Protein chains: 2
Amino acid sequence: MDKKVIKPDKDTEKRILDSARKIFHKKGLAGARMQEIADDAGINKAMLHYYYRSKEKLFSAVFQEAAERIFPEVSKILGSELPLFEKIKVLIENYIEMLKQNMYLPIFILHEIQQDPSRLVNIIMEDESKAFMKFFQDIEKAKAEGIIINTDIKTVIVNILSLCIFPVAAKPVISGIFNIRENEYMDYLESRKKSVTEFVIKAIKK
Amino acid sequence: MDKKVIKPDKDTEKRILDSARKIFHKKGLAGARMQEIADDAGINKAMLHYYYRSKEKLFSAVFQEAAERIFPEVSKILGSELPLFEKIKVLIENYIEMLKQNMYLPIFILHEIQQDPSRLVNIIMEDESKAFMKFFQDIEKAKAEGIIINTDIKTVIVNILSLCIFPVAAKPVISGIFNIRENEYMDYLESRKKSVTEFVIKAIKK
DNA sequence: GTCTATAACTCGATAGAC
DNA sequence: GTCTATCGAGTTATAGAC
């Protein structure tokens, strides 16, 4: 080990943000403690205020980053040129993969938006609507061609997101009910890439 | 008005619990303030400690009650004698109805369990497993009879719960994205009783 | 049982030395 | 840029009068 003990390859600011992310994601704004973030980063509490002026500002950096991770993922794929069923498949696979790597993200985002819905205004929709428009056209076209049943874009999107996000958000509950061990749960989520895709396509296919 | 100003028909303890539920559900354990609960109940802060010894104990009462509202609802229906598709329909309708009347419940429960997973041990499973066993038999029977595709109970239950719970938990986000006004969202959830039932049954029907 | 006043403590933030 | 020490606001909890 030629590395120093405390994350020596990252500069202080990066280490602070990494620790802040970890603590805020798990405990939320109200539950997180600056002391705990400082300890995790291996620095002093005063340093947090030196780099980020206040807890609120440090939190905002973490929240903004989280929002940018969870929202554009969807529109990027929805706006692409893939055929409908392929698009649904890729969306589900990519989204579950992103969530596997950020298990605390859904509850973190939803809890903080529930506290303060105004946090939404900064993040929702730029070219989101363009991507939705594209997906809307895909669905209308597939309906006209008799490929899928008479459904609507809202139902399809909300149901896909539900099936991807909830099993991540409710991990402790689901693993408790079905007696799935901590380290098996990732395999379960991995298997859902396939099963959710099949579930959704079968539900809308004519 | 022959009633007094501050909820006179309920005794103090009940009023405290009502206010505590309201505040804790919205803000969580860490974010809630005893002062705010006292104000909402129209009493003094000291009274909270008179009836419930501490914030933690008051919170526990609220959490326990919430858990009892959100979990047994499922097993009650899963353990019933309804035919499979009818059982799924009733489960979805009842669950969405319960959630409509308790919009903050999902995030509250999931956020607090994320904070402290040990809260689960007190609440999960008594005769839950008996109900699951019954539903498992329903599904195996329907498979054997060629009525539904080759699926498993875990997929079916997790997907149903996902489709019911997530749209409630993510209300601020979804209403923001699709531009649904506050008071229209309840109608949307109401309409999902039918659409989710159809979605699920079509997905598993042979 | 209900209130006021306050103790005891936690936590975000800052001052100031190095 | 990093640390120690400490302030001051806010919060839970309690003491004690009525």
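Quick caveat, the model's predicted, so the values are computed rather than measured. First the proteins, then the strands, lettered A, B, ... as listed; each starts at 1.
For the pair B:Lys45 NZ and C:dA7 C1', the interatomic distance rounds to 11 Å; values are reported in whole Å. Rounded to an integer number of Å, the gap from A:Ile43 CD1 to D:dG1 C1' is 11 Å. Rounded to whole Å, atom P of C:dG12 lies 14 Å from atom CD1 of A:Ile16. With rounding to whole Å, B:Tyr50 atom OH is found 17 Å from C:dT4 atom P. In this structure, A:Lys27 places its NZ atom 12 Å from P of C:dG12, rounding to the nearest Å. Taking atom CZ of residue A:Arg15 and atom P of nucleotide D:dG1, one finds them 14 Å apart after rounding to whole Å. Protein atom NZ of B:Lys55 is 14 Å distant from nucleotide atom P of C:dT10, rounded to whole Å. Put simply, CG on B:Leu48 is 11 Å from P on C:dC3, counting in whole angstrom units.
For A:Arg33, taking side-chain heavy atoms from C-beta onward, the closest of the listed nucleotides C:dT14, C:dT2, C:dC11 is C:dC11. Picking from D:dG1, C:dG12, C:dT4 the nucleotide with the shortest atom distance to the side chain of B:Ala46 gives C:dT4. Comparing D:dC3, C:dG1, D:dA13 by their nearest atom to the side chain of B:Met47 picks out C:dG1. If you check D:dC3, C:dG12, C:dT4 against the side chain of A:Met34, the one that comes closest is C:dG12.
A salt bridge between A:Glu56 and A:Arg119 is present, with a side-chain N of the basic residue lying under 4.0 Å from a carboxylate O of the acidic one. A salt bridge links A:Asp18 with A:Arg21; the closest basic N to acidic carboxylate O contact falls under 4.0 Å.
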Ring pair (Phe, Tyr, Trp, His ring centres under 6.0 Å) between B:Phe166 and A:Phe166, intermediate numbers included:
CA-CA 6 Å; B:Phe166 179 79; A:Phe166 180 77; 8.2 Å; no
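Each of A:Met34, A:Met47, A:Glu13 was scored for a side chain to side chain contact (heavy atoms under 4.5 Å, CB included) with A:Tyr52, with one residue passing: A:Glu13.
A close approach under 4.0 Å does occur between a side-chain nitrogen or oxygen of A:Tyr51 and OP1 or OP2 of D:dT2. The side chain of A:His49 places no N or O atom within less than 4.0 Å of a non-bridging phosphate oxygen (OP1 or OP2) of C:dT14. Side-chain nitrogen and oxygen atoms of A:Thr12 include at least one within less than 4.0 Å of the OP1 or OP2 phosphate oxygen of D:dT2. Phosphate contact (OP1/OP2 of D:dA13, side-chain N/O of B:Arg53, threshold under 4.0 Å): absent.
Nucleic acid contact for A:Ala32: sugar-phosphate only, since backbone atoms but no base atoms lie under 4.0 Å from a heavy atom of the residue.
Taking the six-membered ring for Trp and thresholds of 30 and 60 degrees, B:Phe178 and A:Phe132 have nearly parallel ring planes, at less than 30 degrees apart.
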